[in-house]
2 protein chains.
Amino acid sequence: MNGIKVIIFDDNDSLRDSVAMLLGESGDFTLVGGYADCLDVRNNIRNTKPDVVIMDIDMPGINGIEAVRVIRNNFPTVQVLMLTVFDDDEKVFAAIKAGAGGYILKNAEPQNLLHAISEVYNGGAPMTPGIAKKVLHQFHDMLPEEKKDYHLSMREKEVLGLLVEGYSYKMIAGKLNITYDTVRAHMKKIYEKLHVASMTEAVAKAINQKLFPTK
Amino acid sequence: MNGIKVIIFDDNDSLRDSVAMLLGESGDFTLVGGYADCLDVRNNIRNTKPDVVIMDIDMPGINGIEAVRVIRNNFPTVQVLMLTVFDDDEKVFAAIKAGAGGYILKNAEPQNLLHAISEVYNGGAPMTPGIAKKVLHQFHDMLPEEKKDYHLSMREKEVLGLLVEGYSYKMIAGKLNITYDTVRAHMKKIYEKLHVASMTEAVAKAINQKLFPTK
DNA sequence: GTATCCATTACCAAACTTGGTAGTATCCCT
DNA sequence: AGGGATACTACCAAGTTTGGTAATGGATAC
């Protein structure tokens, strides 16, 4: 008994058997658990201490994505590999958001599953090509645009930054040790440069154009 | 001469030769061009009509990421596969933003390069495990948070939405055909529910919690 | 049916924001 | 040395926002 310890959650009994056989033959993996539902994930993991969890999505009771969240919150070192028939954006992204470390479709070659398990165990991110494409494309669309430069001076950025954090003119003056009127002077310049005419517009623009790391 | 038509941009002559040999032996690919710089990308592609472009990043003259942008803007059907030594987040994400369809490190196995070329040609997104991990993790961090529910009423959401767009109380009153004082009443409730005490904070919170599709 | 939430309006007084104009001082560039 | 950008200060007047408290009618919930 050695190698990477794996457990699987899938309500399809014969699939669990196939995986068990596959892992058994390989020699590099040990299947230390197999369950048809996620009703008792926490205990299942506490008892078996796996390195990698193979997780289906559509199961009776608690669904696999919820289970991933639970696992990642309670056992941060355990890697989760999704193994499912679903390839719709919503499920894929939800699984990643929940903390899955890889996403393989059930129609993949058995050999690829073994490879994916070691990869996810070694900190990689195995994905079937179609999934990788989805992720890459979505990722592409989400990357920040070339951010416009409004030529704000250092001081102006500082003031705007505080404004975004909810500070009033008076508070900003206090924070920066300058007078209220100086803050006003900066604000006037900022409004001019951003082409806005109120605090709310300035804040909205600053956040939307990602002028600051607000989150 | 048949198979997938490939051209390569890389200032390392011997690497170009190796790739040429590799592709030649495989039978499934045809190298129809090899260039040490991207000074004339557009013509290079117009003349060779490749299916896939293999692109280095660090080259004299125009850098590979800029070149990807040019290619994707002018020849949207041509797939670009990055083949470079760089694995820092900045370059990886920049390449993806520029439109690269795959990203392979130069230390990968030759066999994997061939596989990656067909994959990118077939609409996949080949990445070396480390790159896939970077992308997945960044992607994970960028996916929208579970959005909190502040139990805003319809009307309150409407008012807050306008506020985020830069409207003043008075303007909101006009837009919604209600009195100024009614707007004020809604605002008071909103502040209470959002736990804020000024327009700027409300706007910042609304945008950051993605309560509205602002962008 | 009575309690609770929602949308609406109203008024007061205090505090805050905005646009205008105007001046001083420093630093960098040519 | 002069031109230009930046940082700072100041005052006025008009307009806006905020926190109170209070009241009405409608809808929904138990």
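Lettering of chains follows the sequences in order, A, B, ..., and the numbering in each one begins at 1.
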Do [X] and [Y] come within less than 4.5 Å of each other through their side chains, counting heavy atoms only?
X	Y	result
A/Glu192	A/Tyr150	no
B/Met187	B/Ile190	yes
B/Ile8	B/Leu31	yes

So what does B/Met187 touch, heavy atoms closer than 4.0 Å: a base, only the sugar-phosphate, or nothing?
nothing

Using a 4.0 Å heavy-atom cut-off, does B/Ser168 contact any base of the nucleic acid, only the sugar-phosphate backbone, or nothing at all?
sugar-phosphate

Using a 3.5 Å distance criterion without hydrogens, assess whether the side chain of B/Tyr191 forms a donor-acceptor pair with backbone atoms of B/Met199.
yes

Would you indicate which nucleotide in C/dC11, C/dT18, D/dA7 comes nearest to any side-chain atom of A/Ser198?
C/dT18

Of the candidate nucleotides D/dT6, D/dC8, C/dT18, which contains the atom at the shortest distance from the side chain of A/Lys193?
D/dT6

Does any donor-acceptor pair link the side chain of A/Asp181 with the base of D/dC11 at a separation under 3.5 Å?
yes

Hey, is the side chain of A/Lys188 pairing donor to acceptor with the base of C/dG20 inside 3.5 Å?
yes

Distance, rounded to the nearest Å, where [X] contributes [atom1] and [N] contributes [atom2]:
X	N	atom1	atom2	answer
A/Met154	D/dA5	CE	C1'	14 Å
A/His195	C/dT18	NE2	P	17 Å
B/Leu163	D/dT16	CG	P	14 Å
B/Met199	C/dA15	CE	P	18 Å
B/Arg184	C/dC6	CZ	P	19 Å

Short side-chain N/O contact from [X] to OP1 or OP2 of [N], under 4.0 Å:
X	N	answer
A/Arg155	D/dC8	yes
B/Tyr191	D/dG19	no
A/Thr182	D/dT9	yes
B/Lys170	D/dT16	yes
A/Ser153	D/dT6	no
A/Thr179	D/dC8	no

Take B/Glu156 and A/Val196, find for each the nucleotide of DNA chain C with the closest heavy atom, and name the residue whose nucleotide sits nearer the 5' end.
B/Glu156

On DNA chain C, more 5' by nearest nucleotide between B/Asn177 and B/Leu152 is B/Leu152

Please walk me through it: do B/Tyr35 and B/Thr48 pass side chain to side chain contact (heavy atoms under 4.5 Å, CB included)?
CA-CA 12 Å; B/Tyr35 311 90; B/Thr48 58; 3.3 Å; yes

